[in-house]
K.L.:
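Take a look at the following structure, please.
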Protein chains: 2
Amino acid sequence: MSPTELAAPSFFTEYLPHVSVDCVVFGFDAKGLQVLLLKMKHCDDWALPGGFVRQQEGVESAATRVLQERTGLEQVFLQQFRVFSEPRRSAANKWTSENEDLQAWLNQRFITIGFYALVPFEKVAPQPDSISDACSWWNLADVGKLMLDHNAILHSALEALRLQMRYQPIGYNLLPEKFTMPELQKLYETVLGQTLDRRNFQRRMLDFGLLEKLPERKTGVAHKAPFYYRFNKTQYDKALEEGLAGGW
Amino acid sequence: MSPTELAAPSFFTEYLPHVSVDCVVFGFDAKGLQVLLLKMKHCDDWALPGGFVRQQEGVESAATRVLQERTGLEQVFLQQFRVFSEPRRSAANKWTSENEDLQAWLNQRFITIGFYALVPFEKVAPQPDSISDACSWWNLADVGKLMLDHNAILHSALEALRLQMRYQPIGYNLLPEKFTMPELQKLYETVLGQTLDRRNFQRRMLDFGLLEKLPERKTGVAHKAPFYYRFNKTQYDKALEEGLAGGW
DNA sequence: CCAAAAGTGTTACGTTTACACCCATGG
DNA sequence: CCATGGGTGTAAACGTAACACTTTTGG
């Protein structure tokens, strides 16, 4: 091995070749459902945050690392949902870089493992990576053409999330610790893309037994002030494990 | 490149390194749910049918190829359900072979993409592959310790299948073209691991609108002969796309 | 004091569950 | 001719959906 190689360890030795992870990071605020995107260098496209898998780590750990680097968050809800592997998905890879090793690396054919993450919007400090020059939230409705097949990945993640909501609770990772019932409902309506009855929603949510009503109400709001709630983490985790409803 | 290499193309050039697919193949007969397993050479373990991904194919296509080779079937219901990638899952890889290239290949660390398949039991002609010396059906209840983490993969596949049954029909790929209602019920009971009410099951199934009642009854059977049914493929495929029930 | 938003309750409806009766067949 | 399994129907229980009234607050 030459001194040059020793000085600059290659992507090819650090990571598993041909394998990547891509994360669809969902956040939620008053404007609706947001997704974290990166503006790639030397091109106009935006892309999902992604990364590669080290020789000695699992894909979950790789995705967690990506999330930590882009958002600053340590603990996030992360779920693998599908593998995207059509050879032609990488056909458009035409990276040029002064770093020849990086260039060769990026122009590989990649099999990517899709994850979606649910994160607390207001706690995220978006950070671009080495091949992007911006990292920021996009309202889901405003997302345009993304790099490669990232639009399909995003769409697929949203479908997986909607499916998962049928039998698992969401919200713990998307809302602040204290939240009101209307806020929780807004979250559900936004993700599901449909409006729900206010009273039935509240009853159903409470019947799940995951919520604790706090004695305080929201302040500084017009009209009648709603109560705050928080999740009972114990019950919430139990519901994540066991599921909420059954069909058979 | 040396003539030797030209004469014997390497696994390393034909396939993507570090990536494999493993298939949990479910079949169904009178004895219950069956799973297709391979008896590995030079060791007592049985394993799930698996394979590798060619440089220019997607993982679905790799899994389809594996299925075709092991079962002889062209069209099978195939569903990717999870990626297994913990580095230590491959830690036990200690293959020895006279083919040095193969040996080095098999001793890589692998990220495997888990698929489950639903196939018509009676149409399958199990075929071992080059690193196994038997391929046969096992009753799910009789499956013992499998190679590597294959027990976990099998368990996870069954969970995914049970979950999927909540909102998608199954049966088309697991039953012969004509089947009776008790047979269909047996299938559901076996996969779900619980007994169901005969009359409610029938009503529910018929209400889905996927079944066509045939004018003929089963022959050569003790007691009252049940009617045959078959799936309406059009409706069935529609249900696969759109799902059966909703929660919200 | 009124429009807008939130808290709470009730009724109607449909779906699922539980269960009963009759029919057909082979031993 | 009867035990076993299959075809069909109905009533009760449950959960969901639809909807009304009251309370609170800022403008």
Side-chain angles (χ1 to χ4, degrees), chain A residues 30 32 165-167 169 171 175-176 178-190 192-230 239 242-248, chain B residues 30-32 162 165-167 169 171 175-176 178-190 192-230 239 242-248:
Chain A
M165 287 177 70
R166 291 190 184 186
Y167 53 91
L175 293 171
K178 293 188 309 184
F179 52 88
T180 65
M181 197 59 80
E183 285 163 0
L184 181 61
Q185 180 174 346
K186 179 86 189 308
L187 168 62
Y188 270 77
E189 290 183 333
T190 306
L192 290 170
Q194 67 184 268
T195 59
L196 302 169
D197 183 276
R198 182 171 62 89
R199 294 146 292 192
N200 294 334
F201 177 82
Q202 168 150 337
R203 183 183 15 252
R204 185 161 178 174
M205 279 295 154
L206 292 176
D207 285 350
F208 284 151
L210 311 177
L211 296 178
E212 288 170 6
K213 186 174 184 172
L214 301 178
E216 43 176 336
R217 288 162 181 268
K218 189 159 182 172
T219 56
V221 297
H223 320 300
K224 189 168 184 175
F227 281 100
Y228 276 117
Y229 290 83
R230 71 173 170 215
E242 300 173 9
L244 287 174
W248 291 94
Chain B
K31 296 193 197 71
R162 282 179 180 160
M165 287 176 70
R166 291 191 184 185
Y167 53 89
L175 293 172
K178 294 189 307 185
F179 52 89
T180 65
M181 196 59 79
E183 286 164 0
L184 181 60
Q185 179 174 346
K186 179 87 189 309
L187 168 63
Y188 269 78
E189 290 183 334
T190 306
L192 291 170
Q194 67 185 266
T195 60
L196 302 168
D197 183 276
R198 183 170 63 88
R199 295 146 291 192
N200 295 333
F201 177 82
Q202 169 150 336
R203 186 187 7 256
R204 185 162 178 172
M205 278 298 155
L206 292 176
D207 285 351
F208 284 151
L210 311 177
L211 295 178
E212 288 171 7
K213 186 175 185 171
L214 301 178
E216 42 177 338
R217 288 163 182 267
K218 188 159 182 172
T219 56
V221 58
H223 319 301
K224 187 168 184 176
F227 281 101
Y228 276 118
Y229 291 84
R230 70 171 172 218
E242 301 172 8
L244 287 174
W248 291 95

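Every heavy atom of this structure was used, including side-chain atoms; hydrogens, water molecules and symmetry mates were not. Note on naming: letters A, B, ... go to the chains in the order of the sequence lines (proteins, then strands), and numbering restarts at 1 for each one.
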K.L.:
Taking atom types as they are modelled, is there a donor-acceptor pair under 3.5 Å from the base of D:dA20 to the side chain of A:Arg199?
P.N.:
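Side chain to base: pair found, below 3.5 Å.
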
K.L.:
Heavy-atom nearest nucleotide on DNA chain C for A:Asp197 versus A:Thr180: which residue maps closer to 5'?
P.N.:
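Final value for this comparison: A:Thr180.
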
K.L.:
Heavy atom of residues 219-230 of chain A under 4.0 Å from DNA chain C: which residues?
P.N.:
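Heavy-atom cutoff 4.0 Å gives A:His223, A:Lys224, A:Pro226, A:Phe227.
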
K.L.:
Give the minimum heavy-atom separation between A:Met205 and A:Leu211, together with the two atoms involved.
P.N.:
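The answer is CB-CD1, 3.9 Å.
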
K.L.:
I'd like to check the side chain to side chain contact (heavy atoms under 4.5 Å, CB included) partners of A:Arg199; sequence neighbours left out, ordered by chain and number.
P.N.:
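With sequence neighbours excluded, A:Arg199 shows a side chain to side chain contact (heavy atoms under 4.5 Å, CB included) to A:Asp197, given in chain and number order.
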
K.L.:
Set out, line by line, the N/O atom pairs under 3.5 Å between protein and nucleotides 12-16 of chain D.
P.N.:
none

K.L.:
Mind listing the residues from residues 209-216 of chain B sitting with a heavy atom below 4.0 Å of DNA chain C? Number order is fine.
P.N.:
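Nothing qualifies; none.
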
K.L.:
Given 3.5 Å as the limit, does a donor-acceptor pair link the side chain of B:Glu189 with the main chain of B:Leu196, or not?
P.N.:
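Yes, B:Glu189 side chain to B:Leu196 backbone: donor-acceptor pair under 3.5 Å.
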
K.L.:
Going by modelled atom types, is there a donor-acceptor pair between the base of C:dG7 and the side chain of A:Arg198 at under 3.5 Å?
P.N.:
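Answer yes: a donor N or O sits under 3.5 Å from an acceptor.
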
K.L.:
Who passes side chain to side chain contact (heavy atoms under 4.5 Å, CB included) against A:Glu183, sequence neighbours left out?
P.N.:
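Per chain and number, A:Glu183 pairs via side chain to side chain contact (heavy atoms under 4.5 Å, CB included) with A:Phe179, A:Thr180, A:Lys218.
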
K.L.:
List the atom pairs, with distances to 0.1 Å, where a side-chain N or O of residues 220-228 of chain A and a protein N or O form a donor-acceptor pair under 3.5 Å, not counting sequence neighbours.
P.N.:
none

K.L.:
Quick one: is B:Gln202 getting a side-chain N or O under 4.0 Å of the D:dT8 phosphate, OP1 or OP2?
P.N.:
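Checking B:Gln202 against D:dT8: at least one side-chain N or O falls below 4.0 Å of OP1 or OP2.
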
